[in-house]
Amino acid sequence: MDGTGACLVQRDFTVLLEKEHPGFEAARRELSRFAELVKSPASFHTYRLTPLSMWNAAAQGLEAAEILERIRDMSRLEVPGQVLKEITLWLSRYGRLRLRKSMEQPGELVLESTAPEFLDEIMNLESVQKWELKRVTETMLTIPVRNRGVLKQDLTRLGYPVQDEVGYHSGQALSFKLRDQIAAGIPFSLRPYQCESVSAFIGSSNGTEGGSGVLVLPCGAGKTVIGLAAMDKLQRETLILTSNVTSVRQWIQELRNKSTLSDLEIGEYSGDRKEVRPVTVSTYQILTHRSKKEDGFKHMKLFNERDWGLIIYDEVHLLPAPVFRVTAEIQATRRLGLTATLVREDGCEKDVFSLIGPKLYEMPWRDLEQEGWIAQVKCCEIRVPMSEPLRTKYSLAEGRQKFRIAAENSGKLKVVKELLEIHAGRQVLIIGQYLGQLKHLSEQLQAPLITGSMPQQKRIELFRAFRSGSLSLLIVSKVANFAVDLPDASVGIEVSGSFGSRQEEAQRLGRLLRPKSGDNRAYFYTLVTDGTREQDFALRRQLFLIEQGYEYSVQLTKDDDDGEKEAAQ
DNA sequence: CATTTGGAAA
DNA sequence: GCATATTCCAAATG
């Protein structure tokens, strides 16, 4: 508040952080602990202070006094009194309500608080009365065990977070070991941050800390490995839920490679297969699938088909509402949420907090980058102009056609060639949507093209050549999305992208751009035709990647004199 | 049995 | 705010 701080704290609980400010980096680091990044356009990053962001911070042991002090320190101007007051109120509610087992009644849980007036307030909330609350003493009330989840969910929504200390049902034992995938003799090793995050989840031995909750880690940080390590600690039958089939296959591959579990102990529960085994991997989609509109969710029974000791929710920010409902009923089972980005849509984020658990650990991507665990990625959108005849064609076409014309803009070839020159000597992958465009590029650049119709054997050969370095340029269609063994590259060029799937995009990027030998840098370019609808979609993708922590820059190409490509320097 | 088609979700 | 593309699953198809 000395007039020089990097942040502006506004009355609506948003915080503007100035990018060019010398204190930017330090402030960013602080804010990431107790605020949510909302958007990051040109010169200011916007964060928001919410009850949830405060509780998550508190769950990680941050004290109210410290948070308030940090906010004051960073703020350029006097922080609005109302903001400080509200934050203090939010934080004062954390940890005041504890849920534990009843000593007398096995079918009941006790909700207790050292502050009786707190319980008074709750008894006066009409909407939670349906969960059969009974006031037994000044400091205690009881509820039936079955309402554990829904009560927490409601109270959290109403602003009263509950600390769940009931503990867990252990589930069916399953004995296995982790192993190094390369040589069976080498013990499995975790990176330091992976160890820390697993410890944060498992918690102390008395089971009051950790237990259930969410770990936030950037793409490429090895989330599956952390999941495996958590399984290893518990040694119980496990249900793993993820966002799509590709990810299901990836989990299964990792389980096979890095654990002593036999193939018969690992099941895939998807549209194709319906295996329920000691370790089962499935998607959210199949769980919420209904044959007819008014049919029940016939796959939800998966939650009860075995005696699971652990449920892993991968990409927990994508968890759909019906799965929340079932999750509310199985609060006795340990739950681990994994994500690269905590959700921003309200309600849903609160349900993750109350039903899966608080944020137990967060690894800032920048730290991983500095320590060399993931590559430093530079993302760049390049605006490619259209030729005059093409522009005419574009303006005459409509809807779908428009997009395709823009995507297949032949002017992109020139840009690709330039990029290849700049990054000579690196392994480059070109990714595109339309086969015609890719074929053309393949001919012009003398590089092999992998499409869905290419036989598996041939693909593997090309992947191998690329991996060994004897081949340095590969063009792939969207089969890249499904290839589990897609090789490593340090430059990705997207010549035409899909409209929606931002998450797919980030996943692709995270997988393409693993740590690099040498300078540990990687580049990702998106080629977008200037002045067309393609831009709008690219904008959405950008936002997503920015949320993930990637830096994005936009570059215009001029028709002739191109100047230098600073992006590569 | 593999591929195509349709419907639902978000 | 509507529409649209995307994605998955399941039923139909040859």
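Below, chain A is the first sequence line, B the second, and so on; all start at residue 1.
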- [ ] Spell out, as yes or no, whether a donor-acceptor pair under 3.5 Å connects the side chain of A:Lys223 to the backbone of A:Asp314.
- [x] no
Open item on the list: Can a donor-acceptor pair be found, under 3.5 Å and without considering hydrogens, that links the side chain of A:Arg290 to the backbone of A:Thr288?
Closed with: no
Open item on the list: Is there a side-chain contact (heavy atoms from CB on, under 4.5 Å) between A:Thr50 and A:Glu36? Walk through the geometry before answering.
Closed with: CA-CA 8 Å; A:Thr50 68; A:Glu36 287 169 19; 3.4 Å; yes
Expressed in angstrom and rounded to an integer, what is the separation of [X] atom [atom1] from [N] atom [atom2]?
X        : N      : atom1 : atom2 : result
A:Leu319 : B:dA10 : CG    : P     : 11 Å
A:Phe297 : C:dC8  : CZ    : C1'   : 15 Å
A:Arg273 : B:dC1  : CZ    : P     : 14 Å
A:Leu287 : C:dC8  : CG    : C1'   : 12 Å
A:Leu318 : C:dT6  : CG    : C1'   : 14 Å
A:Arg290 : C:dT7  : CZ    : P     : 22 Å
A:Tyr284 : C:dC9  : OH    : P     : 14 Å
A:Tyr269 : C:dC9  : OH    : C1'   : 11 Å

Task: For A:Asp307, all residues meeting side chain to side chain contact (heavy atoms under 4.5 Å, CB included), sequence neighbours excluded - done: A:His169, A:Gln172
Open item on the list: For A:Lys350, is there an ion pair with A:Asp154 - N to carboxylate O distance below 4.0 angstrom?
Closed with: no
Open item on the list: Closer than 4.0 angstrom, basic N to acidic O: yes or no for A:Glu254 and A:Arg256?
Closed with: no
Would you tabulate the pairs of protein nitrogen or oxygen atoms and nucleotide nitrogen or oxygen atoms of nucleotides 10-14 of chain C closer than 3.5 angstrom?
| residue | atom | partner | partner atom | Å |
| --- | --- | --- | --- | --- |
| C:dA10 | OP1 | A:His299 | NE2 | 2.6 |
| C:dA10 | OP2 | A:Lys274 | NZ | 2.9 |

- [ ] Side chain of A:Thr283 only, please: which of C:dC9, C:dT7, B:dA10 is the nearest?
- [x] C:dC9
